[in-house]
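First the proteins, then the strands, lettered A, B, ... as listed; each starts at 1. Bear in mind the structure is a predicted one, so any value in this text is a computation, not a measurement.
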There are 2 protein chains.
Amino acid sequence: MPDVRRGDGHRVTSYDVARLAGVSQSAVSRCFKPGASVSKKMRARVMKVAEDLSYQPNAIARSLITRRSNMVAVVISQQTNLYYPEVLVQLSQRFSERGVRVLLFTLEHESDIDGLLDQIFQYQVDGVVEAARLSGEQIDLIDRRGIPFVFYNRSLKDRRVNAVCCDQTEGERWLVNRLVEAGHETFGLISGPEDSAVSVERTQGALERLKELNVKSVTVVPGDYSYESGASGLLELKNKLGELPDAVVCANDVMAIGCMDAARYRLGVKVPDDLSVVGFDGVGPAQWQSYDLTTVRQPVGRMTEAAVSMILERVEQPDLPPEKRTFSGILVDGGSARIA
Amino acid sequence: MPDVRRGDGHRVTSYDVARLAGVSQSAVSRCFKPGASVSKKMRARVMKVAEDLSYQPNAIARSLITRRSNMVAVVISQQTNLYYPEVLVQLSQRFSERGVRVLLFTLEHESDIDGLLDQIFQYQVDGVVEAARLSGEQIDLIDRRGIPFVFYNRSLKDRRVNAVCCDQTEGERWLVNRLVEAGHETFGLISGPEDSAVSVERTQGALERLKELNVKSVTVVPGDYSYESGASGLLELKNKLGELPDAVVCANDVMAIGCMDAARYRLGVKVPDDLSVVGFDGVGPAQWQSYDLTTVRQPVGRMTEAAVSMILERVEQPDLPPEKRTFSGILVDGGSARIA
DNA sequence: CAATCATCCGCATTCGAATGCAACAGCATT
DNA sequence: AATGCTGTTGCATTCGAATGCGGATGATTG
């Protein structure tokens, strides 16, 4: 089996193929471009040699001249939230079906994003999917670079940006409706991190609906989306109220799960008999029988598909106006909440 | 605030900076290279202009000439296994601390890997982390390209490749020891996918130790690493045996969790009183109080660190010989198994 | 003041593929 | 045989940064 590298340690280039096939480098290039003007004879000849040499066009060189890297940056923070890995995998799969690769940028802390934007730009990505918070100036920065970007589940109200969101408010309202219909009267809320727009929307959405429905007893305690904070949130609620509320509304599934476990194993309380718990997201473990969580599932498939096509459309047509697409969640009635 | 793009829609290049600063392009290039021969005056001057123009060196162009893309491909399959997202995030973070970015390749089916290798090569990545199965020919393919690569938790016995593994066999032996010491006499095993080397090692490891300890009643049923297959695996065991075994050894945590739920909610059996269940991996949910799983935790931090440094060392010194690094897992005694 | 040396800078080239343009071949038409 | 047309091919240039080499500059020494 022949070695694919030339003697000098360089990679195989289109010139090597051209020389061996007795044609010009441009011919080789054209052979690899679908729909280019090449005779079948030429193509066959070149492809044969290319095959023999295991030649693959250098995407880096191509990017330089075409000004398309076929790479998209995906920025993810919040690795504690089980929800994000799923989003990431789906984005990756959908992009790759369209010939685009994901360059991954993970943030340990959301504040690390400053230097990161510069990094992203250096790699000349064709677009950016942001599942992290950005300040107004940072958005300006991207905008001025003219790179299409889409926010995933976060958007700035007074800003014309592309965004794909799940309707957090609506989802919370559904959950509250269900709980109130079933006769729950005292409520505890465990919110997410203050700086998470999603969390704020969810908590506000629930509060608003509770108010509309004239529910008097509502207590909010802070959480951070983690299992532990769901558990400690419940204990804190009990402390504050002196007793448990009828229902606890958690800003995500993982906290709801932590909350259920604390109820059962630390307080010895039955869910849903003595306490109803609901979450949000619809992550895999929420369906596990130990939890069987009542929650709102985000339509991740449709949301990621939307994000991908919004980006790629704007790579082709940079002048498309900004767009926000909001998807309704799916109410999942589980066994973690008493129903009427 | 000035627009960072020139009138013609092109990006800002080192030539633009050079022109405005009244120096040569090479000077600009040198200013961005740490340790290059540039006077402080020059550097200050250039940096000022660069700042004004929001100039960032084009990593694509740089890669072309330096033959370093500062990108590493990470190939992941098996998205059902909760274990992999954690690995991915850690790899990404550790690489980025060293100035290297992760280009993500996800596989829906392990068989999709054929075309994928070509894709990976096109992007001129500096290295590859493989958390997917490869055939011998595929390894040849990578080898001949001279790209450093590391297998993560899979390796071919009779092949000189780089690999980072958790000692699956040893871990299973520990688990079996614990169970046998505690008096368990009849065993069920739920294996992972047949084509997963990890699963085979785990199951074999357990079987071997059980044999050594002279345990007679051992039944193996197949699983696929999913929650559902853990649940159905338990039912199948019961069918086969006519009754439940004393203990079920699952090839990963997620199946163990499915198994526990099936025991409790479908069979009405108490864990660990009537049935002991153990897993493998040490994923987050294994620690949730509803499960509190006895398992072997893979030292993901050390393993990913090892993978990263093995790759990067070989980018610098391509002649380093292949190396396999095997890490012991950490036995986690949870409440899902009766102990002596 | 001349000689020596280190430091710093610019010129020119390089990486590998894409593409506009011109040249050319082959074929049909008259 | 001359003309025109279509379909292919090659030439030359381009993308943007890095770098070896020679030359200029300035500092230092005798």
Verify the contact: side-chain N or O of [X] to OP1 or OP2 of [N], cut-off strictly under 4.0 Å; return yes or no.
{"X": "A:K33", "N": "C:dA17", "result": "no"}
{"X": "A:K41", "N": "D:dT8", "result": "no"}
{"X": "B:Y55", "N": "D:dA17", "result": "yes"}
{"X": "A:S14", "N": "C:dA17", "result": "yes"}
{"X": "B:R67", "N": "C:dG16", "result": "yes"}
{"X": "A:S39", "N": "D:dT9", "result": "yes"}
{"X": "A:S29", "N": "C:dA18", "result": "yes"}

What is the distance, rounded to the nearest whole Å, between atom [atom1] of [X] and atom [atom2] of [N]?
{"X": "B:Y123", "N": "C:dG16", "atom1": "OH", "atom2": "P", "answer": "18 Å"}
{"X": "B:N58", "N": "C:dG16", "atom1": "CG", "atom2": "C1'", "answer": "14 Å"}
{"X": "B:F121", "N": "C:dG16", "atom1": "CZ", "atom2": "P", "answer": "17 Å"}
{"X": "A:L53", "N": "C:dA17", "atom1": "CG", "atom2": "P", "answer": "12 Å"}
{"X": "B:F32", "N": "D:dA18", "atom1": "CZ", "atom2": "P", "answer": "9 Å"}
{"X": "A:Q25", "N": "D:dT8", "atom1": "CD", "atom2": "P", "answer": "19 Å"}
{"X": "A:D16", "N": "C:dC15", "atom1": "CG", "atom2": "P", "answer": "11 Å"}
{"X": "B:N70", "N": "C:dC15", "atom1": "CG", "atom2": "P", "answer": "20 Å"}

Taking any heavy-atom pair under 4.0 Å as a contact, classify [X]: base, sugar-phosphate, or nothing.
{"X": "A:K40", "answer": "sugar-phosphate"}
{"X": "B:V28", "answer": "nothing"}
{"X": "B:S37", "answer": "base"}
{"X": "B:T66", "answer": "sugar-phosphate"}

Nearest to the side chain of [X], heavy atoms from C-beta on, is which of [options]?
{"X": "A:L64", "options": "D:dG10, D:dG16, C:dA17", "answer": "D:dG16"}
{"X": "A:V23", "options": "D:dG10, D:dA17, C:dT19", "answer": "D:dG10"}
{"X": "B:I65", "options": "C:dC15, D:dT9, D:dG10", "answer": "C:dC15"}

Worksheet entry | Donor-acceptor side-chain pairing of B:N162 and B:R314 below 3.5 angstrom |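 Result is yes, a qualifying pair exists.
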
Discussion item. Any side-chain to backbone donor/acceptor pair from B:D126 onto B:V72? Under 3.5 Å, distance only.
Written reply: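 Checked: no pair found.
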
Practice prompt. May I ask you to decide if B:V28's main-chain N or O and B:S14's side chain share a donor-acceptor pair within less than 3.5 Å?
Written response: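 Pair absent, no side-chain N/O of B:S14 close to backbone of B:V28.
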
Item to complete: Check B:A131 against B:Y84 and note the closest heavy-atom contact, atom names and distance.
Response: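 Residues B:A131 and B:Y84, closest heavy atoms: CB-CE2, 3.9 Å.
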
Discussion item. Tell me whether the side-chain N or O atoms of B:T13 pair up with the base of D:dC15 as donor and acceptor below 3.5 Å, since no angle test is needed here.
Written reply: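 No.
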
Discussion item. Can you tell me whether the side chain of B:R30 and the base of C:dG10 have a donor-acceptor pair closer than 3.5 Å?
Written reply: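 When only heavy-atom distances are counted, B:R30 does reach the base of C:dG10 through a donor-acceptor pair under 3.5 Å.
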
Item to complete: Any chance you could measure B:E323, atom CD, to B:E313, atom CD, to the nearest 0.5 Å?
Response: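 Rounded to the nearest 0.5 Å, the CD-CD separation comes to 7.0 Å.
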
Discussion item. Tell me if the CZ atom of B:R159 is crowded by more than 12 foreign heavy atoms within 6.0 Å.
Written reply: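 Correct, the count exceeds 12.
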
